[in-house]
Amino acid sequence: MNKNEKFVITINRELGSGGRTVGERLAERLGVAFYDKALIKALEEKHHLNAEEIERLKGRNHTWWSDFKRSMKIGYTMAQQQYRYDGQISEPDFLTTDTIFESEKQILQGIGDAESCVIAGRSGFFVFRDHPNHLSILIQAPLEQRIARLMEKRGISREEAAGIIAHVDEMRENYVQRYAHTSRYDTRNYNLVISMEGKSEDDAVELILNYIG
């Protein structure tokens, strides 16, 4: 990946690994926007963005995302704060349809065509597989580390944290298998796989920046 040209970095991560925080801090260090599923979902619901509407916008203007972003005042702050994903199990994940996936894919591709950015989740490694300047990252952590992190963040028991992790892991794997026709754990989908064992989020960011060069 060449950081001196327009780029897209996608981050798939295990719940409780700290991967979302890594993505936010990486975007900040690179001076680009950070997007996650909460923002994409909010755009779909609040502004009625669907595949047909995006096609209409594209037909009018090839820079539709830049114009839309400017008109909606969408930026780094909004992506991080106003639509911040709280890490809870998200109901829309259970309701994803082929139509919703297609609209999400087109929103993401519009973002990637318009600007350099970091995108967390949403099968980004698959959506941007043909992008000419794309870095795909998977962030993992040992199960006990993930459980401990979730317990601390949410103030829940070990049993509750373990149950949530198991459920979300299954949900995300099913999503990737259905729409990307692969496993999210297949390391061939990624340029860089990071284990958070013994690492802080800042350590992971430095590792990624060193990899990019």
Side-chain angles (χ1 to χ4, degrees), residues 1-3 6-41 75-90 93 104 108 111-112 115-129 131 133-154 161 164-165 168-169 171-173 175-176 180 183-213:
M1 190 200 87
N2 184 350
K3 65 181 179 183
K6 190 186 300 179
F7 63 81
V8 176
I9 298 175
T10 56
I11 295 180
N12 276 64
R13 76 279 188 209
E14 293 181 314
L15 179 64
S17 68
R20 189 185 188 284
T21 302
V22 172
E24 287 181 327
R25 294 183 184 178
L26 176 64
E28 187 174 9
R29 289 284 300 275
L30 291 170
V32 301
F34 172 81
Y35 297 101
D36 69 355
K37 71 178 182 178
L39 176 62
I40 303 306
K41 186 58 64 179
Y76 183 76
T77 300
M78 176 178 282
Q80 274 201 265
Q81 296 179 6
Q82 186 171 346
Y83 294 125
R84 187 178 182 88
Y85 175 50
D86 64 7
Q88 303 296 324
I89 296 174
S90 179
D93 279 332
E104 291 180 354
L108 291 176
I111 293 171
E115 62 181 316
S116 294
C117 57
V118 177
I119 297 174
R122 313 316 288 173
S123 299
F125 72 86
F126 175 72
V127 172
F128 291 101
R129 64 194 184 282
H131 190 282
N133 199 23
H134 168 220
L135 177 66
S136 179
I137 301 170
L138 174 65
I139 296 181
Q140 299 178 306
L143 180 58
E144 288 303 319
Q145 183 173 325
R146 297 169 64 196
I147 291 173
R149 181 184 177 90
L150 213 59
M151 288 172 63
E152 181 179 359
K153 284 187 67 176
R154 302 192 187 179
I164 290 171
I165 286 172
V168 172
D169 281 353
M171 181 179 67
R172 290 179 177 175
E173 175 66 4
Y175 180 93
V176 171
S183 170
R184 63 196 287 258
Y185 301 107
D186 188 339
T187 57
R188 291 172 295 183
N189 294 317
Y190 310 100
N191 303 107
L192 184 62
V193 179
I194 299 175
S195 170
M196 294 299 291
E197 184 173 13
K199 297 183 185 68
S200 68
E201 288 88 348
D202 289 330
D203 290 337
V205 170
E206 290 298 332
L207 194 158
I208 296 168
L209 291 173
N210 288 335
Y211 179 86
I212 294 171

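We're numbering straight along the sequence, starting at 1.
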If every non-hydrogen atom of A141 is compared with every non-hydrogen atom of M196, which pair is closest and at what distance?
CB-CB, 4.0 Å
Spell out, as yes or no, whether a donor-acceptor pair under 3.5 Å connects the side chain of D186 to the backbone of S183.
no
Row check, Y175 ring normal vs R172 NZ/CZ: under 6.0 Å, within 45°
no
Here the gap from I11 atom CD1 to I137 atom CD1, rounded to the nearest 0.5 Å, amounts to 5.0 Å
Using modelled atom types only, decide if a donor and an acceptor are shared between the side chain of T10 and the backbone of H134 within a distance under 3.5 Å.
no
All pairs passing side-chain hydrogen bond (donor to acceptor under 3.5 Å, both in side chains) where residues 203-213 contributes a residue, at least two apart:
R29-E206, S200-D203
Look only at the side chain of D36 and the backbone of A120, and say whether a donor-acceptor pair between them is shorter than 3.5 Å.
no
Restricting to ring pair (Phe, Tyr, Trp, His ring centres under 6.0 Å), what partner residues turn up for Y190, sequence neighbours left out?
F125
Atom of K199, atom of L207 and distance for their closest heavy-atom approach
CE-CD1, 4.0 Å
Apply the side-chain contact (heavy atoms from CB on, under 4.5 Å) test between V118 and each candidate in V8, V22, V32; give the one that qualifies.
V32
One should read off an interatomic distance between I119 CD1 and L108 CG, to the nearest 0.5 angstrom, of 5.0 Å
Nearest 0.5 Å, what's the CG-OG distance between L143 and S17?
12.0 Å
Is the backbone of F7 close enough, under 3.5 Å, to the side chain of S116 for a donor and an acceptor to pair up by distance?
yes
Thinking salt bridges, do R13 and E201 make one under a 4.0 Å N-O criterion?
no
Heavy atoms of other groups near E173 CD, more than 12 under 6.0 Å
yes
Shortest non-hydrogen separation from S123 to V176 and the atoms involved:
OG-CG2, 3.8 Å
Rounded to the nearest 0.5 Å, the CG atom of L135 sits from the CD1 atom of I212 at a distance of 5.5 Å
If you look at every heavy atom in M1 and I9, which pair is closest and at what distance?
SD-CG1, 3.6 Å
Minimum heavy-atom distance between L138 and R184, given as atom pair plus value:
CD2-O, 4.0 Å
In short, salt bridge (charged side-chain N to carboxylate O under 4.0 Å, His left out) pairs touching residues 135-148 with sequence neighbours left out are E14-R146, E144-R158, R146-D169
Exercise: identify the closest heavy-atom pair between N12 and G124
OD1-N, 4.2 Å
